[in-house]
Amino acid sequence: MAGVEKNGAKRGGRTRLVHAGRAPFDQHGFVNTPAWRGSTVLFPSVEELYARRQPYIYGTHGTPTTHALEAAWTEIAGAAGTVLAPSGLSAITLALLSVVKSGDHILVSDSAYRPTRIFCDTVLKRLGVETHYYDPLIGGGIAALIGPATSLVLVEAPGSQSFEMQDIPAIAAAAHQRGLCVVMDNTWATPLFFPPHERGVDMAVEAGTKYLSGHSDLLLGLVSANEKWFPKLKATSDAMANVPGAEDVFLALRGLRTMDLRLREAERQGLALARWLQARPEVSRVLHPALPEDPGHALWKRDFLGSSGLFSIILKPASKAAVAAMLDGLELFGMGYSWGGFESLVIPFDCSPYRTATRWAPEGPALRFSVGLENIEDLQDDLDRGFARMRASV
Ligand SMILES: *Cc1c(COP(=O)(O)O)cnc(C)c1O
């Protein structure tokens, strides 16, 4: 993160995470903004009621708690403004609905989060918006896919589960030449490791469910936008009133203060486990853009400031039963969706049933890891015993 100027002092990203969105002396000196719960906000007079000058009007328009997180995220993402949503997926749908109208055509990366595709292929389709999926490696070649009705390009890097990197500045430059909106799902890197708006993204989505929460105990989404797109985003958010609950926002503000520490530890643990897996005879490839052997490494190195603790591997050919024998006996890795918590997770996955622009046909079964904060030797021992079960089962 770049530094920030305040009272002439240059402040670093970590200082910003600690101070952003906090005003202790507006609340009797208490350090943290509490969870303000409420629907009704009272007005002291008829005149005030009609004037709507109060900072708070009604629960769906925001509370001091939601405003604290929005202000902090705006500062951290380098945006003009931020709105919150009750999940990462609802943040994606809000960003898309802020741009599209009936008759539009949108371009979505073939490696995008699968529920994003489902929204495009069902709700947006029903509303008369046509989605075209493109090869995530297309770069500036996206220009050839832009037609008169194209209004939006969705990018996500690295790709969900498959970890392809995208040349986001090149895609954004081509999209902006034709006046399109560039929406990014930036959940993997967060603004700490990929400053989205500096790199040409108009609206950036974060599933706060992942590293902002960090504790697998809440669902939240955030959309930050630049000057050009924030008014449309805000108006759409106000019209839909798809708002998160006060406790979840409170917990996200708490997670924000330690997010840099947790993310850097996730990066360290993730790289350590990825390198260990690379050396295993059962593993064919590790899909992790921060590894020099990864095909997306040069783009990652050019544009990103770090990597998080989520990556995938392709095993050498093995039967379904052998993979199940490995996974079923794991003691420390849980099996479940979501990621970015303090605990390690693993899931098997297969992108082949839903890809349309590219083919997913790896040489063996695929696994995705979210590395937690356990001792790395213990995680390796757990996987070592898993590989032994896999070998014994063939
Ligand atoms: C999990 C995830 C989301 C959705 O977040 P939810 O809060 O679970 O709805 C969006 N994008 C990516 C890349 C994710 O991994």
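What you are looking at is a predicted structure, and each value in this text was computed from that prediction instead of being measured. For reference, positions follow the sequence shown, starting with 1. No hydrogens, no waters, no symmetry mates; every other heavy atom, side chains included, goes into these values.
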For atom [atom1] of [X], decide whether the heavy atoms of other residues, nucleotides or ligands shown that lie under 6.0 angstrom number more than 12.
| X | atom1 | answer |
| --- | --- | --- |
| Trp36 | CH2 | no |
| Gln27 | CD | yes |
| Arg254 | CZ | no |
| Lys316 | NZ | yes |
| Gln177 | CD | no |

Can the ring centres of [X] and [Y] be said to be less than 6.0 Å apart?
| X | Y | result |
| --- | --- | --- |
| Tyr211 | Trp339 | yes |
| Trp300 | Phe163 | no |
| Phe342 | His215 | yes |

Indicate yes or no for a side-chain donor-acceptor contact from [X] to the backbone of [Y] under 3.5 Å, with no hydrogens or angles considered.
| X | Y | value |
| --- | --- | --- |
| Ser344 | Gly372 | yes |
| Asp248 | Leu220 | no |
| Asn226 | Trp229 | yes |
| Glu48 | Leu42 | no |
| Glu130 | His105 | no |
| His176 | Ala172 | yes |
| Arg16 | Glu75 | yes |
| Gln161 | Ser312 | no |
| Arg368 | Val346 | no |
| Asn375 | Glu377 | no |

So if you build clusters from Ile, Leu, Val, Met, Phe, Trp, Tyr with side-chain heavy-atom gaps below 4.5 Å, do [X] and [Y] land together?
| X | Y | value |
| --- | --- | --- |
| Leu145 | Ile168 | yes |
| Tyr56 | Phe250 | no |
| Val223 | Leu253 | no |
| Val100 | Val155 | no |
| Val183 | Ile92 | yes |

Smallest separation among heavy atoms of [X] and [Y], with atom names:
| X | Y | result |
| --- | --- | --- |
| Thr150 | Leu180 | O-CD1, 3.4 Å |
| Arg302 | Pro169 | NH2-CD, 3.8 Å |
| Leu261 | Arg14 | CD2-NH2, 3.1 Å |
| Gln380 | Leu273 | CG-CD1, 3.9 Å |
| Asp135 | Ala357 | N-CB, 3.9 Å |
| Thr33 | Ala68 | OG1-CB, 4.0 Å |

Notebook entry, point to check: Pick one: which of Leu271, Val283, Ile376, Leu383 meets side chain to side chain contact (heavy atoms under 4.5 Å, CB included) with Trp276?
Noted result: Leu383

Calculate, to the nearest 0.5 Å, the distance between atoms [atom1] and [atom2] belonging to [X] and [Y] respectively.
| X | Y | atom1 | atom2 | answer |
| --- | --- | --- | --- | --- |
| Lys210 | Leu263 | NZ | CG | 13.5 Å |
| Leu192 | Leu212 | CG | CG | 9.5 Å |
| Leu345 | Tyr337 | CG | OH | 11.5 Å |
| Ile138 | Leu107 | CD1 | CG | 8.0 Å |
| Ile347 | Leu367 | CD1 | CG | 9.0 Å |
| Ile171 | Gln166 | CD1 | CD | 4.5 Å |

Notebook entry, point to check: Can you check side-chain contact (heavy atoms from CB on, under 4.5 Å) on Glu70 and Ser224, steps first, answer last?
Noted result: CA-CA 9 Å; Glu70 287 167 356; Ser224 59; over 6 Å; no

Decide, yes or no, whether a salt bridge links [X] with [Y] under the criterion of side-chain N to carboxylate O below 4.0 Å.
| X | Y | value |
| --- | --- | --- |
| Glu293 | Arg275 | no |
| Arg262 | Glu265 | no |
| Asp260 | Arg264 | yes |

Any side-chain heavy atom of [X] sitting closer than 4.5 Å to one from [Y]?
| X | Y | result |
| --- | --- | --- |
| Pro24 | Val31 | no |
| Leu154 | Thr131 | no |
| Leu97 | Val123 | no |
| Leu219 | Pro86 | no |
| Leu251 | Ser213 | no |
| Asp328 | Met335 | yes |
| His297 | Pro289 | no |
| Leu330 | Arg389 | yes |

Checklist line | Residues Ile106, Val99; criterion side-chain contact (heavy atoms from CB on, under 4.5 Å); working and verdict | finding: CA-CA 10 Å; Ile106 67 171; Val99 179; over 6 Å; no

Checklist line | Residue pair Val153, Ile142: steps toward the side-chain contact (heavy atoms from CB on, under 4.5 Å) verdict | finding: CA-CA 9 Å; Val153 180; Ile142 194 105; 4.1 Å; yes

Check: Could you walk me through whether Met390 and Leu315 pass the side-chain contact (heavy atoms from CB on, under 4.5 Å) check?
Finding: CA-CA 11 Å; Met390 193 172 101; Leu315 293 164; 4.2 Å; yes

Notebook entry, point to check: Looking at residues at least two apart in the chain, or sitting in another chain, which of them share a ring-ring contact (aromatic ring centres under 6.0 Å, His included) with Tyr354?
Noted result: none

Note to self: So, using ring-ring contact (aromatic ring centres under 6.0 Å, His included) as the criterion, who are the partners of Phe333 when residues are at least two apart?
What the structure shows: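 For Phe333 the ring-ring contact (aromatic ring centres under 6.0 Å, His included) partners, ignoring immediate neighbours, are Phe369.
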
Checklist line | Residue pairs, two or more places apart or on separate chains, that pass salt bridge (Lys or Arg N to Asp or Glu O under 4.0 Å) and touch residues 104-113 | finding: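 Counting only pairs at least two positions apart or across chains, the salt bridge (Lys or Arg N to Asp or Glu O under 4.0 Å) contacts touching residues 104-113 are Lys101-Asp104, Asp110-Arg117.
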
Check: What class does the angle between the rings of Trp188 and His288 fall in, given that below 30° is parallel, 30 to 60° is tilted and above 60° is perpendicular?
Finding: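 Trp188 and His288: perpendicular rings.
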
Notebook entry, point to check: So, Glu164 and Ser162: side-chain donor and acceptor under 3.5 Å apart, yes or no?
Noted result: yes

Note to self: We want to know whether Thr74 and Thr82 form a side-chain donor-acceptor pair, criterion being a heavy-atom distance below 3.5 angstrom.
What the structure shows: yes

